[in-house]
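Step one of this worksheet: look at the structure below.
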Amino acid sequence: MDLLTRRPRGTNDVLPGESPRWLHIEDRIRDVCGRFGFSEIRTPIFEHADLYTRTSGETSDILEKETYTFQDRGRRMLTLRPEGTPGVARAFLENGLGSGPMPAKYYYLGPMFRYDRPQAGRYRQHTQFGVEIIGAPGPEADFEVIMIAVTFLRDLGLGSLAVHLNSIGCPACRPTYREALVSHYRAAQEELCEDCRRRLERNPLRLLDCKNPRCQPLKDAAPRSVNYLCPECQSHFRALEGLLDRFGIEHHIDLTLVRGLDYYTRTVFELIYHGLGAQGAVCGGGRYDGLIEAIGGPPTPGVGYGMGLERVLLTLEREGMHPPSTRGTDIAVLSAAGEEHPELRLQTLDLVYAMRWAGLAAETDYAGRGLRQQMRWADRIGARLVTVVGSEEIASGQVKVKDMAGGTETQVPLAELVARVSEMVRGPRT
RNA sequence: GUGGAUGUAGCUCAAUUGGUUAGAGCGUCGGACUGUGGCUCCGAAGGCUGGGGGUUCGAGACCCCUCAUUCACCCCA
């Protein structure tokens, strides 16, 4: 019934009070991406449903149960994007971006959609900041992707991070590992929890994700993917670790880290923020050397991540960090006109617009309230300066400008008001 | 999808074993001070107690359903 006045489940309004936090982190994103040489790419919020089924794999119930998929009026099956990477890969191919300078380095920022049960920092519409490097096969690209995330979070003041890292091999070596894993688990099939039995059949790598105590002994004894890597995958992984060491980035090899999407190869990683428990993972990504080929392009390596910004925001709040204050009102122009002096009111508006066109943040209350109330209002909105325009001022050509913080008033010729206020706000020119 | 907790004014919270007309602080608007803010005092607006059903003479409170939030799972893009 009051569906009309309630937002859909798992969505959020960003209210004016919250907006400066978003502006701040968006600002930091654009800055760090510029420094790292990443350009923004904007792709549609919906894509053909096939794009995601083709890339993310059939094993995950992600796509069947957790996407917003619908048919449009032209009977196309479309999906609200659940993540950024497939859309970027598609745009890369469709627009022939491979003929530009390689590797291609992109970042994106925007809403993603997933149909699951909301929790704090986890919503049906959430905002992701992601980066992709396409066309760079070596470990330096993996490193750069991790570093841009680490640098961004450090810039925000969230330095207390650890990189959790693993390598899940490539099409050459992963099958061997998968077999080893399956035979290890098959031997003890009866002891497994229900979920794990299903995983064993459908997606064996996920066995390592199980938190059921019953499966722990078996999991602890399970073969490790890093021991099954082919020489190429192994040296790639070692080199990445070496780079992280060299730059003093805290990292742990997490042998149970197996990301959910089928397209990952070699490196997978997560960034964990210390002391946040289940909400600690702020960022996850990895290498996807087979993805572009899977959607019909030439074999092209890629690596990237997605970062959930609501979770970053939540972390900032829990750490008591505040965004820098935004520009407020420079001057409130109060009107002593009242309703019976329309001409005076118009002269007040003349002044307000002259100030705005000169670059000042000028505000005026809509006429009608008493001066006391207007003053109170100017105080509430945080105006730095206040001036009053009335018949006395117009007649004498002199207005007073009051500094709200100190309470001091300065007499200023009306003709010079805009210039003088600009000086007071910006500091005198030298 | 599974289990637990919680829903009272814009916000934070009250309301005796189930008992008259659901209160306070903050915020908003207005007045004291009708041409000067912050402090103080006064006043007003603002509620189908999330929604629906049930028990009862009587429900904000108890029961059922539903919606939403939240925590832990599941999953993690």
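What you see is a predicted model, and the numbers here were worked out from it, not measured in a lab. The chains referred to below are lettered A, B, ... by the order of the sequence lines, with proteins before strands, and numbering in each begins at 1.
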Please write out each protein N/O paired with an N/O of nucleotides 27-31 of chain B under 3.5 Å, distance rounded to 0.1 Å.
| unit_1 | atom_1 | unit_2 | atom_2 | d |
| --- | --- | --- | --- | --- |
| B:U28 | OP1 | A:R380 | NH1 | 2.8 |
| B:U28 | OP2 | A:R380 | NH1 | 2.6 |
| B:G30 | OP2 | A:R369 | NH1 | 3.1 |
| B:G31 | OP2 | A:Q373 | NE2 | 3.2 |

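- Nucleic acid contact class of A:S391 (heavy atoms, under 4.0 Å, all strands): base.
- The side chain of A:R6 approaches B:G50 more closely than any other nucleotide in the set B:U36, B:C75, B:G50.
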Please test A:D379 against A:R376 for salt bridge (Lys or Arg N to Asp or Glu O under 4.0 Å), starting from the C-alpha separation and ending with a verdict.
-> CA-CA 5 Å; A:D379 186 48; A:R376 199 190 291 261; over 6 Å; no

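- Of the residues in residues 400-408 of chain A, those placing a heavy atom less than 4.0 Å from an atom of RNA chain B are A:K402, A:M404, A:G407, in numerical order.
- When the P atom is used for both B:U8 and B:U69, the distance is 14 Å, rounded to whole Å.
- A donor-acceptor pair shorter than 3.5 Å can be found between the side chains of A:E310 and A:T127.
- Looking at which nucleotide of RNA chain B each of A:Y123 and A:H126 is closest to, the 5′-most match is held by A:Y123.
- The residue among A:T11 and A:G84 whose nearest nucleotide of RNA chain B is located toward the 5' end is A:T11.
- Test A:N166, A:D142, A:D289 against A:T267 for side chain to side chain donor-acceptor pair (under 3.5 Å) and you get one pass: A:D142.
- Between A:S335 and A:Q374, the side chains place no donor N or O within less than 3.5 Å of an acceptor N or O (distance only, hydrogens not considered).
- In the set B:G35, B:C71, B:U36, B:G35 carries the atom at the smallest distance from any side-chain atom of A:E393.
- With 3.5 Å as the limit, one finds no donor-acceptor pair spanning the side chains of A:R178 and A:Y228.
- Taking the C1' atoms as reference points, B:G43 lies 35 Å from B:G58, given to the whole Å.
- The separation between A:R124 atom CZ and B:C76 atom P is 17 Å, rounded to whole Å.
- Considering all non-hydrogen atoms of both residues, A:P139 and A:H236 come closest at N-CE1, 3.4 Å.
- Both tests pass for A:R356 against the ring of A:Y353: distance under 6.0 Å to the centre and angle within 45° of the axis.
- Counting heavy atoms from C-beta outward, A:F129 and A:E26 have side chains that stay 4.5 Å or more apart.
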Taking Watson-Crick and G-U wobble pairs with both distances under 3.5 Å, convert RNA chain B into its dot-bracket string, 5' to 3', dots for unpaired and | for cross-strand pairs.
-> (((((((..((((.....[...)))).(((((.......))))).....(((((..]....))))))))))))....

Going through the checks in order, is the ring pair (Phe, Tyr, Trp, His ring centres under 6.0 Å) test met by A:F36 and A:Y107?
-> CA-CA 10 Å; A:F36 276 69; A:Y107 76 94; over 10 Å; no

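- Within 4.0 Å (heavy atoms only), A:E392 reaches at least one base atom of the nucleic acid.
- Among B:U36, B:U2, B:A72, the nucleotide with an atom closest to any side-chain atom of A:Q119 is B:A72.
- Among the atoms of the strands shown, only primed sugar atoms or phosphate atoms (P, OP1, OP2) are found under 4.0 Å from some heavy atom of A:R9.
- Within the nucleic acid shown, A:G304 has no heavy atom closer than 4.0 Å to any nucleic acid atom.
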